[in-house]
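Here's the structure we're looking at; comments come further down.
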There are 2 protein chains.
Amino acid sequence: METKYSMVKSALKSKIMDGTYTPYQKISSESELMKEFGVSRHTVRLAIGDLVTTGWLYREQGSGTFCADRSKMNENQRQNSQKNIAIITTYISDYIFPSIIRGAESRLSQEGYQVSIFSTNNDHEKERQILEKILTQQFDGIIIEPTKSAFSNPNINYYLNLERLSTPYIMINAYYDELEPLSIVMDDVKGGFMQTEHLIKLGHIDIVGCFKTDDTQGTKRMKGFLKAHRKHGIPLNPKNIITYNTEEKSTKPIEEIEKILDSKSNSITGLVCYNDELVIKVLDVLRRRTIRVPEDISIIGYDDSVLAEVSEVKLTSIIHPKSEMGKAAANTIIDLIKLKSVNKKNEQHQVDSVVYTPEMAIRNSTKDLNQQKITTQ
Amino acid sequence: METKYSMVKSALKSKIMDGTYTPYQKISSESELMKEFGVSRHTVRLAIGDLVTTGWLYREQGSGTFCADRSKMNENQRQNSQKNIAIITTYISDYIFPSIIRGAESRLSQEGYQVSIFSTNNDHEKERQILEKILTQQFDGIIIEPTKSAFSNPNINYYLNLERLSTPYIMINAYYDELEPLSIVMDDVKGGFMQTEHLIKLGHIDIVGCFKTDDTQGTKRMKGFLKAHRKHGIPLNPKNIITYNTEEKSTKPIEEIEKILDSKSNSITGLVCYNDELVIKVLDVLRRRTIRVPEDISIIGYDDSVLAEVSEVKLTSIIHPKSEMGKAAANTIIDLIKLKSVNKKNEQHQVDSVVYTPEMAIRNSTKDLNQQKITTQ
DNA sequence: TCCGATTTGTTCGTATGTATG
DNA sequence: GCATACATACGAACAAATCGG
């Protein structure tokens, strides 16, 4: 697809799908498009011609070319009664997502839905391509794990377009603030708070927190980290907060923690980690320095993933509902679809967002310093 | 309709409908039509273009323009000309499958395919339901990880039906012997052989092998285990072979290994495991008995999964290509689809099965007994 | 109601690229 | 390697419909 007319074609198609052109709206004239793309009229006409035959535009001689109303067209043309759901995640194979996907898939396939999966690799451009693909087809519902949810999203228009076409969608794990969509998330502030308070209650005062901050999960957990310090009146050294983003995840947090461990003023006794995956990496660092867990340092993870029970140190961790969350997402989207098909008057029956209150799995990566004091003294 | 191109259009259409042009027959070339109707090439192309988009003709560059077979057309291009691939796995979230799926998905989405996933939960009945669903829809290709591949499969007829409908499919990780399908697999016999020989070469003689035997991967690895003993003339105590199936995987192998460890005649120095997942479970058992790895016992895993580097003992393990295999599967299925669409005579261009020759990642869960002997004596 | 500017529709010519046999 | 056939792209001209003044 590197021909000029196909470039013009996809550019126009994007503008329709992101809502720049709304149904019945006149698009730029052929001569304007010629200038805009620096191509001949013939090329512009080829592109438009294709989009007309595929039902994205219609032409009126003497008047102009207009954006078609695909929502009405669908009714005529969709004979396909197949039940389809799309799941968009950042990474398919990472960590807890497979469990979430499994939970959703098992529930959805029970109901006879077919599940298509897409992964954005945490890239907004890829997310855009996927949304375009989804808008082109007919999906009954979409489950989305947002890409880089802590940042403002350049594809908001596509989500708004989903709403315009009344395609139900929900977000899991996090959501784009601007949209206020239906969502299935954890209370990550509470989670971060619980992690930190757990250590504080065990007598830890000098605690390092390490958070991934390109998704809202991380920023919220950090917020909880701060909140716990504030509540218990424990002063927080700014140096004790480490932040990183997805691209840096295999290097930066480890390096920063090493720096702290190696600094002379180091008196750290506790470490709050963004997730279990990070804990496992930290454990390697600590083993090399023969720092014992939990004797010398207490560590607390997040997600209660398989990784929590895989090492010689069994991790204390915040429990993520994982496949439970996937199932809830599936149920919610199923409800939304049903609601849509009988949206005559059922005002009372409504679908709500779910916020999981986190719980903690206490194992033995954290140590009670209070008891130690008593025995030592 | 008195424009020139519409005259050409209806003239051509008439010739199709009155049988002058029969399906698959080449129609006059563009230059011939120019002379015939006394119009420019552009006009001819306009007419043909319209007939192509409405499904009366199809063009092949360098070859010509042909009359379409409208009886079959309905089935081919009905509704969406969307490109769809199905992936059927046993478990979506287990272990190495997410990596395989990711590899396949990334490659397939690059090529504009949409990926639908289905999981059988290692259940033949569920597999049947999925195959029925797939047969009723139009998928361009299917990637299958067989369910309980070591047993004879009750759904063979469905697979044969896929062949009859000439829907390309391939199998990964294992395959049903009866079908002899295209497949992307490891040489698991070699893998099991390498695991065992590695220990033998390190001086181990009393080795326990623990294999899952409801898939061919497990039975083949066991075969390699036996083969290595035979090759090196090491007698094999039948009690040193533990087998289990998927349902028993969280209990039986562990219990059997504990039995062996607790028996008086225990002189085990090496343990060959079906996969890394099992190794991790065994490590827990050993820790409780303060049996050290690799000092007291050497363990070797399979798959080189994340679990291999997650514990304090870094596992020696056979390397599974994982996402590489997913990509290869994607490429193969893409090739098959292309081949199918141009199946005129290209006999030489053929798609073949892939067998990965295993390699080994040597870490420190295995110990060299030879060296010890030398220093001890 | 007519005019003129704008916009799409039809048609021609020409050139170069790429796949097929 | 070469001729043939379709693919892409540029330019130009005139026709037909629309719309504001």
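A note on names: the letters A, B, ... follow the listed sequences, proteins ahead of strands, and every chain is numbered from 1.
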Checklist entry - Under the ring-ring contact (aromatic ring centres under 6.0 Å, His included) test, which residues partner B:F97, sequence neighbours left out? => result none
Polar atom pairs (N or O), protein with nucleotides 1-4 of chain C, under 3.5 Å:
none

Item to check | Contacts of A:F151 that satisfy ring-ring contact (aromatic ring centres under 6.0 Å, His included) - sequence neighbours left out | outcome: none
Checklist outcome for this item: Residues passing the ring-ring contact (aromatic ring centres under 6.0 Å, His included) test with B:Y176, sequence neighbours excluded, are B:Y159
Checklist entry - What string of B, S and - do you get for nucleotides 2-10 of chain D, 5' to 3', if B is base contact, S is sugar-phosphate-only contact and - is no contact with any protein heavy atom under 4.0 Å? => result ---BBBBBB
Checklist entry - Sequence neighbours excluded, which residues qualify as salt bridge (charged side-chain N to carboxylate O under 4.0 Å, His left out) partners of A:K15? => result A:E36
Checklist outcome for this item: With sequence neighbours left out, the residues meeting salt bridge (charged side-chain N to carboxylate O under 4.0 Å, His left out) with B:E111 are B:R107
Item to check | B:Y158: partners by ring-ring contact (aromatic ring centres under 6.0 Å, His included), with sequence neighbours left out | outcome: none
Item to check | Non-neighbouring partners of B:H42 that pass side-chain contact (heavy atoms from CB on, under 4.5 Å), sequence neighbours left out | outcome: A:H42, B:S40
